Amino acid sequence: MTVSTLLNNIYRVLREHFGYLNWWPAETPFEVVIGTVLTQNVAWSNVEKSILQLKEQGLLDLTRLLTSKPEIVKRCIMPSGYYNVKYHRLMELLTFIKNELKGDILNLKKFDLLTARNKLLSIRGVGKETADSILLYALDFPIFVVDAYTKRTFYRVGILKRRDMDYDKVQEIFMKNLKRDVKLYNDYHAQIVELSKNYCKKVPICESCPIKRLCRRIID
DNA sequence: TTCCGGATGC
DNA sequence: GCATCTGGAA
């Protein structure tokens, strides 16, 4: 079976199992942006608490976030952990949106994909996964998001030769072997997260895993 | 490689 | 208790 066929078959089985997930769990593109920073290396359930607290304080707003006292914002985002570094990362990103994009993240759509990506990557606190998450989930750019789950799970499946393969290399494998489709990239990443949280965990549960027939089970 | 860090499940 | 959680910078 070719890599392309395998990747597409895995998606079909996952979607059959979990249903269409339609990420990102947020109400607005701005909320997606906030979420991408807050979710860095933490569980999404913790981010939900932070977003809710920001909403309750009326702080889910560019100007209000930038002008509020640091302690106020930090208290809201505390459930997401790393609140000191994440506060500064948020400010860097929001300042960029204010100064370079006239206060609206959607203005990034006026640039081509690579230019938009490089602009995001130039911001302190925005790495490849965060940048790609914003591009895909807030702006509907056709780019595949790679995360720690993606590497772990597809190393085990047998598609990635090493667990610590370079981000761009992994991304290239997915994008070269899948149809260039925003909705597909969107849902596939969501499916991978769901699979990795529930089955392909650090200690995997292979017996009941939906893709066990397609997996080579390379565990460490 | 190490630090950042509270919430959650086991 | 303790391991883990949709990373990124130094």
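Just so it is clear, the structure is predicted and the values come from calculations on it, not from any experiment. Note that these values count all heavy atoms, side chains included, but never hydrogens, waters or copies made by symmetry.
- Within 4.0 Å of A/Gly81, counting heavy atoms only, lies at least one base atom of the nucleic acid.
- Residue A/Lys197 contributes atom NZ, which lies 13 Å from atom P of B/dT8 at whole-angstrom precision.
- Residues A/Thr36 and A/Thr130 have side chains that never bring a donor and an acceptor to within less than 3.5 angstrom of each other.
- Note: CG (A/Asp132) to C1' (C/dG7) measures 13 Å, nearest angstrom.
- A/Leu90 places its CG atom 16 Å from the C1' atom of C/dA9, with the value rounded to the nearest Å.
- The side chain of A/Arg89 places no N or O atom within less than 4.0 Å of a non-bridging phosphate oxygen (OP1 or OP2) of C/dA9.
- Cation-pi check for A/Lys161 over A/Tyr155 is not met; the charged atom does not lie both under 6.0 angstrom from the ring centroid and within 45 degrees of its normal.
- Between the side chain of A/Lys201 and the backbone N or O of A/Ser196 there is no donor-acceptor pair closer than 3.5 Å.
- Relative ring orientation between A/Tyr188 and A/Phe144 is described as perpendicular, the plane-to-plane angle rising above 60° on a 0-90° scale split at 30° and 60°.
- Backbone-only contact: A/Ala148 has heavy atoms under 4.0 Å from sugar-phosphate atoms and none from a base.
- Listed in residue order, the members of residues 37-52 of chain A having a heavy atom less than 4.0 Å from DNA chain B are A/Asn41, A/Val42, A/Asn46, A/Lys49.
- A close approach under 4.0 Å does occur between a side-chain nitrogen or oxygen of A/Arg152 and OP1 or OP2 of C/dC5.
- Using a cut-off of 4.0 Å between Lys/Arg side-chain N and Asp/Glu carboxylate O, A/Glu194 and A/Arg15 are scored as not salt-bridged.
- Contacts of A/Lys202 with the nucleic acid, taken as non-hydrogen atoms under 4.0 Å apart, involve only primed sugar atoms and P, OP1 or OP2.
- Across residues 159-182 of chain A, not one residue has a non-hydrogen atom less than 4.0 Å from an atom of DNA chain B.
- There is no side-chain donor-acceptor pair under 3.5 Å between A/Asp132 and A/Tyr137.
- Salt-bridge annotation for A/Lys128 and A/Asp168: present, with a side-chain N of the basic residue lying under 4.0 Å from a carboxylate O of the acidic one.
- If you check the side chains of A/Tyr199 and A/His17, you find a donor sitting under 3.5 Å from an acceptor.
- The same atom, P, is picked in C/dG1 and in B/dC4; the two are 23 Å apart, to the nearest Å.
- A side chain to side chain donor-acceptor pair (under 3.5 Å) with A/Asp187 holds for exactly one of A/Tyr11, A/Tyr20, A/Trp23; it is A/Tyr11.
- Atom CG in A/Leu121 sits about 16 Å away from atom P in C/dG7, given to the nearest Å.
- Checking A/Thr5 against A/Thr2 by side-chain atom types alone, a donor-acceptor pair falls below 3.5 Å.
- Nearer the 5' end of DNA chain B, as judged by each residue's closest nucleotide, is the contact made by A/Val85, out of A/Val85 and A/Lys201.
- Applying a 4.0 Å cut-off to non-hydrogen atoms, the residues of residues 69-80 of chain A that approach DNA chain B are A/Met78, A/Pro79, A/Ser80, listed by residue number.
- Counting to the nearest Å, the P atom of C/dT4 and the CD1 atom of A/Ile205 are 13 Å from each other.
- As a whole-Å value, the separation of A/His88 NE2 from C/dA9 C1' is 14 Å.
- Defined by atom type and a distance below 3.5 Å, a donor-acceptor pair is missing between the side-chain atoms of A/Thr115 and A/Asn118.
- The nearest whole Å value for the distance from the CD atom in A/Glu194 to the C1' atom in C/dC5 is 14 Å.
- Between A/Glu129 atom CD and C/dC5 atom C1' the separation is 12 Å, expressed in whole Å.
- A distance-only check finds no donor-acceptor pair linking the side chain of A/Lys102 to the backbone of A/Asn107 [under 3.5 Å].
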